[in-house]
Amino acid sequence: MTGTLRGMTVDDFEAYRPMLIGLAYRLLGSMWDAEDVVQDAWLRWSATDREDVREPRAFLITVVSRLALDQLRSARVKREAYAGPWLPEPVADGDAGPMDTAELRDTVSFATLHMMERLSPPERAVFVLREAFELPYDQIREIIGVSVANARQLHHRATRRLAEGRDRFRPSPEEHAELFNRFIAAAAEGELEALAELLHDDVVFYGDGGGKVRSALRPVVGRDKVVRFLAGLWTRYPYGRAAIGSANGQPVLWSLLGDHMQLLAVDMRDGRVRTMYGVLNPDKLTRVRPPM
């Protein structure tokens, strides 16, 4: 698609679209919302004369960040009324923009996106803009509308909160895959002791059924409770096909629970599963496909 709107070409915008989608998704945790924000940014871009834009990338990052911040503030109210835990929408690896650095991959991981829900909107924006897109504080200041000192403070606070309880070193894809293979074997055989060995003492399970598929309405905390919960789940819904796939830049486990597919992502600590994220809400599984 080519063309020109008041001096701003469609091709110019399309060149930045993957990066803008990745930015909006990291800020919102929802690809539906991210696409809406980027579309709104396109409308603003198309109505702006090129003479008013010295640096297109900086201009578009600013527009998308501010639109996403406005949307995030209203989304937080809706998520508080969500049926059970709200988890980010999983996306295929290529749909969340570039992931060619460790920071870009980490800021799109399920664990980081989920933990960013605890941050205030300005904290989340500063963290994403600084960590994933390496913006200088003076540019972040202009986007967020705070002083440089406040931007630094917001970044420090966000970094500290996100680091709590997480391993300094991230497991490799091979370590993730090995753990999932052991999980599949334990589930298939009903070996609860083998399952328990994979879990950290303080493991937490979050299940997102969105009120459309039955799941835990509150986080399940502690190894014994998580094992009992999973055992009860497999008794009620026989554990069916399972396969290892990929989403959000990391391995995930797909499994069939009764008539419903579940995508399971995990965060590890000390070599064991510290957090489990089970997405069953079918509305959130439209952009990813199981490899089976």
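For CZ of Arg44, the number of neighbouring non-hydrogen atoms (other residues, nucleotides, ligands) closer than 6.0 Å is 12 at most. When the shell of 6.0 Å around CG of Asp259 is examined, it contains 12 or fewer heavy atoms from other residues, nucleotides or ligands. In this structure, Glu55 places its CD atom where more than 12 heavy-atom neighbours from other residues, nucleotides or ligands lie under 6.0 Å away. Atom CZ of Arg218 has 12 or fewer neighbouring heavy atoms from other residues, nucleotides or ligands inside a 6.0 Å radius.
Side chain of Arg152 to backbone of Tyr137: no donor-acceptor contact under 3.5 angstrom is found. A donor-acceptor pair under 3.5 Å links the side-chain atoms of Thr112 to the main chain of Asp106, judged by distance alone. Looking only at distances, no side-chain donor or acceptor of Arg161 sits under 3.5 Å from a matching main-chain atom of Leu119. Judged purely by atom type and a 3.5 angstrom limit, Arg141 has no side-chain atom pairing as donor or acceptor with the backbone of Ser147. A donor-acceptor pair under 3.5 Å is formed between the side chain of Arg66 and the backbone N or O of Ile143. Listed for the Arg26 side chain is a donor-acceptor partner under 3.5 Å among the backbone atoms of Gly22. Between the side chain of Asn150 and the main chain of Val146, no donor-acceptor pair closer than 3.5 Å is present. With hydrogens and angles ignored, the 3.5 Å screen pairs a side-chain donor or acceptor of Arg289 with a backbone N or O of Thr286. Without hydrogens or angle criteria, Asp208 side chain to Leu87 main chain gives a donor-acceptor distance under 3.5 Å. Checked by atom type and distance alone, the side chain of Gln250 pairs as donor or acceptor with a backbone atom of Phe110 at under 3.5 Å.
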Run the salt bridge (charged side-chain N to carboxylate O under 4.0 Å, His left out) test on Arg274 and Asp267 for me, step by step, so that the C-alpha distance in whole Å, both residues' side-chain angles and the decisive distance to 0.1 Å come before the verdict. CA-CA 6 Å; Arg274 175 63 177 83; Asp267 191 35; over 6 Å; no
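Once rounded to the nearest 0.5 Å, the distance linking CD1 of Ile140 with CG of Leu154 reads 9.5 Å. Separation of atoms CZ (Phe229) and CG (Asp224) is listed at 15.0 Å; rounding is to 0.5 Å. In this structure, CD on Gln71 lies 11.0 Å from CG on Leu27, to the nearest 0.5 angstrom.
Side-chain atoms of Arg17 and Phe13, non-hydrogen and from C-beta on, do get closer than 4.5 Å to each other. Taking the side chain as every heavy atom from C-beta outward, Leu285 and His260 never approach each other to under 4.5 Å. Taking the side chain as every heavy atom from C-beta outward, Arg57 and Met19 approach each other to under 4.5 Å.
Side-chain atoms of Asn248 and Ser109 include no donor-acceptor pair closer than 3.5 Å. For the residue pair Glu123/His155, the side-chain donor-acceptor check at 3.5 Å is not satisfied.
We find that Arg124 and Glu117 are joined by a salt bridge, their nearest charged nitrogen and carboxylate oxygen being less than 4.0 Å apart.
Under the 4.5 Å side-chain heavy-atom criterion for Ile, Leu, Val, Met, Phe, Trp and Tyr, Ile21 and Leu67 are members of the same hydrophobic cluster.
In this structure, Arg287 satisfies the cation-pi test against Trp32, with its NZ or CZ atom closer than 6.0 Å to the six-membered ring centre and inside 45 degrees of the ring normal.
Aromatic ring pairs are classed by plane angle as parallel below 30°, tilted from 30° to 60° and perpendicular above 60°; the pair Phe59 and Trp45 is tilted.
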